[in-house]
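For reference, the structure is listed below as structure tokens.
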Protein chains: 2
Amino acid sequence: MRERTKGRPGPEQASELTTNRLSIYLRCLDHLSGAGVRTISSQSLAAQFGLNAAQIRKDLTWFGEFGVRGVGYSVDGLAAHLRQILGLGDPIRIAVIGAGNLGQALADYPGFPRDGFVPVALFDRAAAKIGKHSRGGVPIYHMKRLPAIVRKEGIRIALVAVPAPSAQQVANAAVAAGLRAILNFAPGTVSVPPGVKVKNVDLTVSLEGLAYHLANAAHAKTQ
Amino acid sequence: MRERTKGRPGPEQASELTTNRLSIYLRCLDHLSGAGVRTISSQSLAAQFGLNAAQIRKDLTWFGEFGVRGVGYSVDGLAAHLRQILGLGDPIRIAVIGAGNLGQALADYPGFPRDGFVPVALFDRAAAKIGKHSRGGVPIYHMKRLPAIVRKEGIRIALVAVPAPSAQQVANAAVAAGLRAILNFAPGTVSVPPGVKVKNVDLTVSLEGLAYHLANAAHAKTQ
DNA sequence: CTGTGTGAACCCCTTCACAGCG
DNA sequence: CGCTGTGAAGGGGTTCACACAG
């Protein structure tokens, strides 16, 4: 907050809920851009995608003033701003640790490259898999080569798709290899040193939440 | 404790954040039970797993009084209560719609049966896949057979693992087949009628959140 | 004396409402 | 006149602190 001028809040104060929504806004804008829409108001953006107009404006305020009063936002212009805020300039190279069914499916998932995340390496400990490739052509390396490959390939994010008991040590290895961002698919929590960010995709929690809904459907709300 | 007096809040008021945490508590308790722990206080449960003791107690309060003052909670007893609250009595049969790499990996994911969710069917529209099985032996049916198989197999939850453009119509089909709980892996939102619950696993939002962290790591918090 | 259950305080996020700019 | 940017109000969720049960 030192060099920040008083008026502008600055990115370091935006909550994770806000930044998650930026991804959603970006997706909506790309959609609109593909449909040829050039300009949009927070109002109609909210109406079309089930969002809240005031929240869109407030979320954006943390990072600057991107709109034109009386008009709205430039679809392509705002999308470019959001990409810059989210650090999506060049494609981001990612690795998948754990070359089981799930790991290989993630490495070959076509949605990732489309969104600017390129899987360039799989890692595993099973000798039988080392040196092979996923169906989509992502090479499988031994875990011990993680630091070297991370450096050589410019990998920035690790996806952890190993059984729960191995998740912590795999995360440790990722951190030791210099990675600062981990997407963890293993159930449970992994702890990491300050400065490293972990996001969890906890399928058990999601499914049990649905089970709860089924068990209490009589009075539950929809969403 | 007896019946529903006005004092007891009741399950219909617990928020989704609370019920998600119940899953986590259950996982911790199973861990402790496996380690032979018979009794635990909210205090030490919180300390061991990085939770907040007051929050654990408050979360549980929505559903009853499960603890013993001065002692704590019975590990197995509380786990049994949570399982009942979450509707985890018998194994819950699930279907995966979309027999691509991701869909098949989900159908064969060993963590699901372990947690009481049994994939019994895959669905797809590609003629080449119909009649085959996943590596793990889950049969692949044509989408048009969804209603019949759902009924015959007692399927309760659909996992949607199809490309984004098909997600909405697949969700519609799932609802039409009588399903009331959907776990959606396709990017974007699907809308469903009241009474149907959708949870989204949005990998793009997660990855872009990590990208944001990488771009702003200088002042970002750890977790 | 220990640890639960719980009102109250606190804090953050969401939503409202409007001043003011284009 | 329309829509953004934004202080203020509102609503929830989290954390505190303590009465009280065992």
Let's see if you can work this out: which of dG7(C), dG5(C), dT4(D) has an atom nearest to the side-chain heavy atoms of Lys58(B)?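 Looking only at heavy atoms from C-beta outward on Lys58(B), the closest nucleotide is dG7(C).
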Heavy atoms under 4.0 Å, any strand shown: does Thr18(A) hit a base, just sugar-phosphate, or nothing?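 Nothing: the residue Thr18(A), judged by heavy atoms under 4.0 Å, touches no strand.
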Whole-Å gap separating [atom2] ([N]) and [atom1] ([X]):
X	N	atom1	atom2	value
Leu51(B)	dT14(D)	CG	C1'	13 Å
Ile56(A)	dC3(D)	CD1	P	13 Å
Asn20(B)	dT14(D)	CG	C1'	16 Å
Gln55(B)	dG12(D)	CD	P	17 Å
Trp62(B)	dG12(D)	CH2	P	11 Å
Arg69(B)	dA21(D)	CZ	P	7 Å
Gln43(A)	dC18(C)	CD	P	16 Å
Phe66(B)	dG3(C)	CZ	C1'	17 Å

Say whether, by atom type as modelled, one donor and one acceptor occur between the side chain of Thr61(A) and the main chain of Arg57(A) under 3.5 angstrom.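 Checking the backbone N and O of Arg57(A) against the side chain of Thr61(A), a donor-acceptor pair under 3.5 Å is found.
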Any sub-3.5 Å donor-acceptor pair from Arg93(A)'s side-chain atoms to Phe117(A)'s backbone N or O?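 Such a contact is absent between Arg93(A) side chain and Phe117(A) backbone.
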Between Lys199(A) and Asn20(A), does any side-chain donor sit less than 3.5 Å from a side-chain acceptor?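 Checked: Lys199(A)/Asn20(A) side chains pair up, N/O donor to acceptor below 3.5 Å.
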How do Asp59(B) and Val71(B) order along DNA chain D: which one's closest nucleotide is nearer the 5' end?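 So the residue in question is Asp59(B).
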If you count every heavy atom of other residues, nucleotides or ligands that lies below 6.0 Å from Arg180(A) atom CZ, does the total exceed 12?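 Open.
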Would you say [N] has OP1 or OP2 under 4.0 Å from some side-chain N or O of [X]?
X	N	result
Arg57(B)	dT15(D)	no
Tyr73(A)	dG5(D)	yes
Asn52(A)	dT15(C)	yes
Ser42(A)	dT4(D)	yes

Under 4.0 Å between a side-chain nitrogen and a carboxylate oxygen: does that hold for Asp90(A) and Arg156(A)?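 No.
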When the nearest nucleotide of DNA chain C is assigned to Ala54(B) and to Gly70(B) on a heavy-atom basis, which residue is associated with the more 5' position?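 Going by which nucleotide is closer to the 5' end, it is Gly70(B).
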